[in-house]
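Take a look at the structure set out below.
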Amino acid sequence: MKGFAMLRIGEVGWIEKEKPSPGPYDAIIKPLAVAPCTSDIHTVFEGGIGERHNMILGHEAVGEVVEVGEKVEDFKPGDRVVVPAITPDWRTLEAQQGNHQHSGGMLAGWKFSNIKDGVFAEYFHVNDADMNLALLPEEIPLESAVMIPDMVTTGFHGAELADIKLGDTVAVLGIGPVGLMAVAGAKLRGAGRIIVVGSRPVCVDAAKFYGATDIVNYKNGDIVDQILDLTDGKGVDATIIAGGPAKIVTTAVKITKPGGAVSNINYFGEGENLPIPRAEWGCGMAHKTIKGGLCPGGRFRMEKLVELVKHDRIDPGKMATHVFKGLDKVEEALLLMKDKPRDLIKPVVVIE
Ligand code: NDP
Ligand code: ZN
């Protein structure tokens, strides 16, 4: 089979590999729609997680089951499924402890395009199919469904880590597809005011659609000054970081009130350290919590997010600004994610 791969840091291309086969609990999936992620860009072009050779890229897919192992009970060939970006080993102590993203080691629940071949191929392998797949209802269009495995779960995780309470003022730094889903998640959790930071007009319009109340353009001046101005110098209850370079962590701490939370869902691809500002962190005593997390995966999470889309609580398909047809288009779609043209939110490749 063919797949689109990271050949080494800085280089991508098509390669041929053996079609994978399932272990007793696993499934083999044929993708129906896939999407490239900014994380693929950090991994390939910044070497964010280190060197990888001939590793098929991609971790965002919905697909059709083509083969299952003899112990798989709930899925069969022909089923249409949502495949989470994070497919943990559920029989691990980390998963039992509640850290499924880190089952088997830090970030090891993230397998596709990290520690094994990803979804940009004619077929791909899913471990523990019964615990990692979710059925895709007919009524959800593929462009919407393919946002669930990563964009929706990541953005919502940003809102969860920020521990948003009813009526909170929230800042979302970055309104690419991940930040947009953080906006939608913050609104669903009951945020009052949602101040967003970005510059691309298409993203600003989408942010308003998903629930932003105030827009800050980081190209028009310092983010801290602009957000403190908007909040009478007080800052926000919670800040979600979904874009920007390492120094965005400084910004986030500065704009968050004492007792508030900074929730990071960014993938920082470069540099040794992330800068926490000493004085605005109350010399270490401001009770400003800083958390960062990999998106939740697994079947239970996917089923819950499917419910939100199915019952029109969110409409993530609106982010699909560029829809391509055919697996061979993943190369073009991935490079769009690297170049980020002004009219782009998220490219999707429909294979069906
Ligand atoms: P995008 O590149 O599409 O969006 C980034 C956003 O950040 C844009 O709105 C951009 O503004 C804004 N931005 C850029 N520079 C600055 C700056 N200096 N200050 C403030 N804002 C800035 O990225 P995605 O939405 O696709 O992904 C966001 C991050 O999430 C990536 O790092 C990605 O790897 C990561 N990620 C993490 C996951 C997890 O599990 N935690 C899962 C998936 C992705 P502009 O409008 O100018 O473009
Ligand atoms: Zn991703």
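The structure presented is a predicted model; accordingly, all values stated were derived computationally and were not measured. In listed order, ligands and their atoms are each counted from 1.
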* Check whether any N or O atom of L173, backbone or side chain, sits under 3.5 Å from an N or O atom of ligand 1, and answer yes or no. => no
* Just heavy atoms, cut-off under 4.0 Å: does H42 contact ligand 1 by side chain, backbone, both, or neither? -> side chain
* To do: State, with a plain yes or no, whether a side-chain heavy atom of L336 is found less than 4.5 Å away from one of P341.
  => yes
* Asked: Does Y218 approach ligand 1 within less than 4.0 angstrom via side chain, backbone, both or neither, non-hydrogen atoms only?
  -> side chain
* For ligand 1, indicate whether the residue D150 contacts it via side chain, backbone, both or neither (heavy-atom separation under 4.0 Å). => side chain
* Proximity of C203 to ligand 1 by residue part, where a heavy atom lies under 4.0 Å -> neither
* I195 side chain reached by T231 side chain, heavy atoms, under 4.5 Å -> yes
* Asked: Hey, is there an N, O or S on C295 sitting under 2.8 Å from the Zn ion (ligand 2)?
  -> no
* To do: For ligand 1, note which part of L180 has a heavy atom under 4.0 Å away: side chain, backbone, both or neither.
  => neither
* Asked: Which of the N/O/S atoms in D150 sits closest to the Zn ion (ligand 2)?
  -> OD2
* Relative to each other, are the rings of Y267 and H42 parallel, tilted or perpendicular (30° and 60° limits)? -> tilted
* I41 and L334, any side-chain heavy atoms less than 4.5 Å apart -> yes
* To do: Of the side chain and backbone of K340, name the one, both, or neither that has a heavy atom under 4.0 Å from an atom of ligand 1.
  => side chain
* Non-hydrogen side-chain atoms of D130 and W90 separated by less than 4.5 Å -> no
* Asked: Using a heavy-atom cut-off of under 4.0 Å, does the side chain or the backbone of V178 touch ligand 1, or both, or neither?
  -> both
* To do: State whether the shortest distance between N or O atoms of R200 and N or O atoms of ligand 1 falls below 3.5 angstrom.
  => yes
* Asked: To the nearest 10°, how many degrees is the angle C37 SG to the Zn ion (ligand 2) to H59 NE2?
  -> 110°
* Asked: Taking the side chain as C-beta and beyond, is there a heavy-atom pair between R299 and N132 under 4.5 Å?
  -> no
* **A242 contact mode with ligand 1 (heavy-atom cut-off under 4.0 Å)** => backbone
* Rounded to the nearest 0.5 Å, what's the gap from CZ on F112 to CG on D150? Could you check? => 11.5 Å
